[in-house]
Amino acid sequence: MAGESFTDVLIRHWPTALLVIFVSYLLKNRFNRGLNKYPGPLFASLTDWWRFWDVYRRRPEVTHIKLHAKHGDVVRLGPNALSFANPKALKTIYGLNKGFIKSEFYPVQQSVAKGQRLPSLFSTTSERSHSQLRRCVNSAFSMSTLIQYEPFVDSTTELFLSQTEKIYADSGHGCNFSRWLQFYAFDVIGEITYSKRHGFLEENRDIDGIIDYIAGLFDYVGPIGQIPILDLLFLKNPLYLLASTYGLIDATFPVARFAQDRMRERLRKDPSSTETTASFPPTQPDLLSKFIQAKTNHPEFMTDTLVTTMAVSMAFAGSETTAISLSAVFYYLLKNPRCMQILLNELDTNARNGHFKDNKYGVVTYAESQGLPYLDACVKESFRLHPAAGLPLERVVPPQGADIAGEFVKGGTIVGCSAWVIHRRKEIFGEDVEVFRPERWLVGQGKYVEDDKEREMEEKRIKEMVGVMLHFGMGSRTCIGKNISLLEIYKLVPTFLRRFEVQLESPDLEWKLHNAWFIRQLGFRTTFQKRDLVQPISKQLS
Ligand code: HEM
C-alpha cells in the first residue's frame with residue numbers, strides 16, 4: 001500500500017471515487033448560490049433533469065400552479081432556477097433597464113438555414129443586438145401601421161369563411177377546430193409577411209408539413225430548453241451544421257425555405273454588391289417590404305440574413321400563439337353558453353343598430369370591434385385563463401444580484417414568472433380564478449355603476465388586472481406582434497360568430513392540453529351551421 005500514488009488509489013477504488021464525485025456534484029447543485037433556502041421538490045434542487053422530465057410530460061404549468069399553491073411565492077425549479085408567483089416580481093425581472101437578459105432556453109429556438117443559426121428578435125440573448133434590431137423594425141408593428149395590414153386579414157378571413165361553409169357547414173362534417181384555426185393563423189401571417197398565403201386554407205392541409213414541423217420543433221424546445229446544452233447534441237450539433245454549410249445535408253427549416261423563396265421572388269441582385277435591393281414592391285406594404293426598407297434605412301446593421309430571420313420568426317412567434325389564443329376564446333365561449341349568448345346578443349344588437357358596415361359577408365372591421373365591450377371582456381378572460389406561453393419566461397439575474405419581490409437573488413440565477421401562475425392570483429383577479437367570467441373585466445362586473453367613487457374603484461381594480469397580465473410578456477422583450485394578433489382575434493371572433501352557429505361535437509368532453517412551450521389544445525372538435533346575417537333595422541324597413 002505504501003508508496004501507492006493517488007492515481008493508483010483512484011483506479012483501485014473507482015466505484016467509490018465515482019460515487020464521491022456524483023454526490024459532490026449533487027451537493028454542489030443543492031447549495032448552488034444559496035438557493036437551498038427556497039422550497040421545491042428535492043430532485044429539482046439536485047438536477048435539471050427533474051424539470052426536463054416535468055416539461056417532457058407536457059403539463060408543467062399544472063406542476064407550477066400546484067407548487068406555488070403548496071410552497072408560496074418562490075419555488076425552486078432547478079439547481080439554478082427559481083419561479084416567482086408574486087406579481088411584484090414582474091417589474092424587477094422584466095422591467096426596462098434592469099439588466100436581466102434572456103436565458104439559454106431561448107437560443108434553443110433559433111432556426112437554422114444553410115448550417116447557420118439565425119438568432120432572431122425572439123431568441124437572441126444579446127441585449128445590444130436585440131435593441132438595435134428592435135429599433136430598426138419597430139415601426140412595422142406600431143398601432144398606426146396596423147391599418148395597412150387589415151386588408152390582408154380580410155382577404156384570408158373571407159377565404160376562411162367560404163371554406164368553412166363549403167367544407168364543414170354545407171356537409172355537416174365535424175371540424176378539428178384548433179387545427180382549422182392553425183391553418184387560418186398561419187395563412188394570415190403568410191399574407192401579412194409576404195403578401196402570399198402558404199395555402200393551408202385553400203388546400204385544407206398542412207403544406208410542406210410546415211405546421212407539423214413547427215409543432216415538432218416546439219415539442220423539442222420545451223424539454224431540451226431545460227438543459228440547453230443538449231441542443232448541441234441534436235439540432236445544433238456542430239457536425240450536422242457543418243455538413244449543412246457545405247451542402248452535404250439540407251438542415252434548412254421548411255419555414256426558412258418558404259421565406260428564402262419569397263425573398264428571391266421579391267429581390268434582385270444589385271450587381272455592385274453582394275447584398276440585395278428591393279425590386280418588386282407589393283401594391284400593399286407587407287412586413288417583408290418593411291424589413292427590406294429597414295435594411296435601406298439602417299445599412300450599417302440590417303443584412304439580408306436579418307431580413308430573412310425577421311420574416312421567418314413571424315411564422316414561429318406569431319402563428320401558433322395566435323391560433324392557440326383564438327381556440328381558447330371559442331372554446332371558453334362554447335363551454336359557457338351564458339357568455340356565448342351575451343356575446344351573440346351584443347353582436348346582433350349592434351348589427352340591428354347599423355354598427356357594422358359589411359352586412360353581406362359579415363366581416364367586422366377592427367374599428368368596429370373596438371365598440372364591443374363584451375367581446376373585449378371575453379378575449380381578455382381567455383388570455384387570462386389560457387395564455388399561450390406555458391413556461392416561466394426565463395431571465396438571468398445581472399452579475400451584481402437583485403432584489404426581487406423582497407428576496408435578494410445572486411447574479412447568474414435563472415428567474416422567471418409563468419403567466420399560468422400569475423393570472424391565477426386571487427388577490428388580483430378574485431376568488432373564482434378558475435372560472436371563465438368575462439364580467440370581471442367590466443366596470444361594475446357588468447352591472448350599471450352610478451356612483452363616481454365606485455366607478456373609480458372599479459377602474460382601478462381593472463387597471464390592476466391589466467397591469468399584471470403576462471400573456472404577451474413584459475418590458476423590453478414584450479411581444480412585438482401583439483397588435484397584429486389582436487387585429488386577427490378582435491376581427492375573426494365576431495365575424496365568425498355572425499356567420500356561423502358553432503357547437504361542440506361532444507359537449508361533455510374537455511379538450512386535452514399539450515404544453516410544448518406554447519400550450520396547444522387537442523380534441524377541440526366542433527360543428528358549424530350557417531347563420532342568417534342579422535341586418536340593420538334601417539335596411540329591413542326600406
Ligand atoms: C396571441 C398571440 C401572441 C401571443 C400570446 C404572443 C406571446 C408572446 C410572448 C409571451 C412573448 C415574450 C416572450 C418572452 O419574453 O420570453 C412574445 C414575443 C415576441 N412575439 Fe409574440 N405573441 C403573439 C403573437 C405574435 C405575432 C402575431 C407575432 C409576429 C407577427 C409575434 C412576434 C413576436 C416576437 C418577434 C417576439 C420577440 C420580441 C422581442 O424579444 O423583442 N408574436 N410573444
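Counting convention: from 1, in listed order, for ligands and their atoms alike.
- Assignment of Lys482 to the shell around ligand 1 is not supported, since no heavy atom sits closer than 4.0 Å.
- Looking at Gln109 against ligand 1, nothing comes within 4.0 Å, counting heavy atoms.
- Under the 6.0 Å cut-off for aromatic ring centres, Phe177 and Phe528 qualify, their centroids lying closer than that.
- Using a cut-off of 4.0 Å between Lys/Arg side-chain N and Asp/Glu carboxylate O, Asp286 and Lys196 are scored as not salt-bridged.
- Remark: ligand 1 and His471 share no N or O pair separated by less than 3.5 Å (distance only, no angle test).
- At a heavy-atom distance under 4.0 Å, only side-chain atoms of Arg134, from C-beta outward, approach ligand 1.
- In terms of protein heavy-atom proximity, atom 19 (C) of ligand 1 is closest to Phe122 CD1, 3.4 Å.
- The shortest N or O to N or O distance between Gly473 and ligand 1 is not below 3.5 Å.
- Among Val364, Val493, Leu161, the one residue that satisfies the side chain to side chain contact (heavy atoms under 4.5 Å, CB included) test with Arg498 is Val364.
- For an aromatic pair to be called close, the ring centres must be under 6.0 Å apart, and Phe496 with Phe160 satisfies this.
- The closest heavy-atom contact to atom 33 (C) of ligand 1, among the options Ser382, Ala317, Ala388, comes from Ala317.
- Summary of contacts: the protein heavy atom closest to atom 15 (O) of ligand 1 is Arg395 NH2, 2.7 Å.
- The cationic group of Arg395 does not satisfy the cation-pi geometry with Tyr94, failing either the under 6.0 Å distance to the six-membered ring centre or the 45° limit from the ring axis.
- Val433 places a side-chain heavy atom less than 4.5 Å from the side chain of Arg384.
- Regarding atom 34 (C) of ligand 1, its nearest protein heavy-atom neighbour is Ile480 CG2, 3.8 Å.
- Residue, atom and distance of the protein heavy atom nearest to atom 26 (C) of ligand 1 are Gly318 CA, 3.2 Å.
- Residue Thr478 places a heavy atom less than 4.0 Å from ligand 1.
- Ionic pairing of Lys482 and Glu488 is not present here: no N-O contact between side-chain nitrogen and carboxylate oxygen is shorter than 4.0 angstrom.
- Under a 4.0 Å heavy-atom criterion, Tyr94 is not in contact with ligand 1.
- Side-chain atoms of Asn515 come within 3.5 Å of backbone atoms of Gly390 as a donor-acceptor pair (strictly under, hydrogens ignored).
- Looking at ligand 1, you won't find any N or O of Ser325 less than 3.5 Å from one of its N or O atoms.
- The closest non-hydrogen atom to atom 8 (C) of ligand 1, taken over Cys479, Ser123, Gly481, comes from Cys479.
- The N/O atoms of Ser485, backbone and side chain alike, include none that comes under 3.5 Å of an N/O atom in ligand 1.
- Annotation: Ile147, atom CD1; neighbour count of heavy atoms from other residues, nucleotides and ligands within 6.0 Å does not exceed 12.
- Annotation: side chain of Pro373 is not in contact with side chain of Trp441 (no heavy-atom distance under 4.5 Å).
- Nearest to atom 30 (C) of ligand 1 among the protein's heavy atoms is Met314 SD, 3.5 Å.
- Annotation: atom 12 (C) of ligand 1 to nearest protein heavy atom, Arg477 O, 3.6 Å.
- Looking only at protein heavy atoms, the nearest one to atom 14 (C) of ligand 1 is Tyr106 OH, 3.6 Å.
- For atom 4 (C) of ligand 1, the nearest non-hydrogen atom from the set Phe316, Phe472, Trp517 belongs to Phe472.
- Remark: Arg59 engages Glu61 in a salt bridge, criterion side-chain N to carboxylate O under 4.0 Å.
- Salt bridge annotation for Asp208-Arg257: absent, with no cationic side-chain nitrogen under 4.0 angstrom from a carboxylate oxygen.
- Remark: distances from the non-hydrogen atoms of His130 to ligand 1 include one below 4.0 Å.
- Among Val153, Thr322, Val188, Leu287, the single residue meeting the side chain to side chain contact (heavy atoms under 4.5 Å, CB included) criterion with Ile484 is Leu287.
- The single protein non-hydrogen atom nearest to atom 23 (C) of ligand 1 is Thr321 OG1, 3.4 Å, given as residue, atom name and distance.
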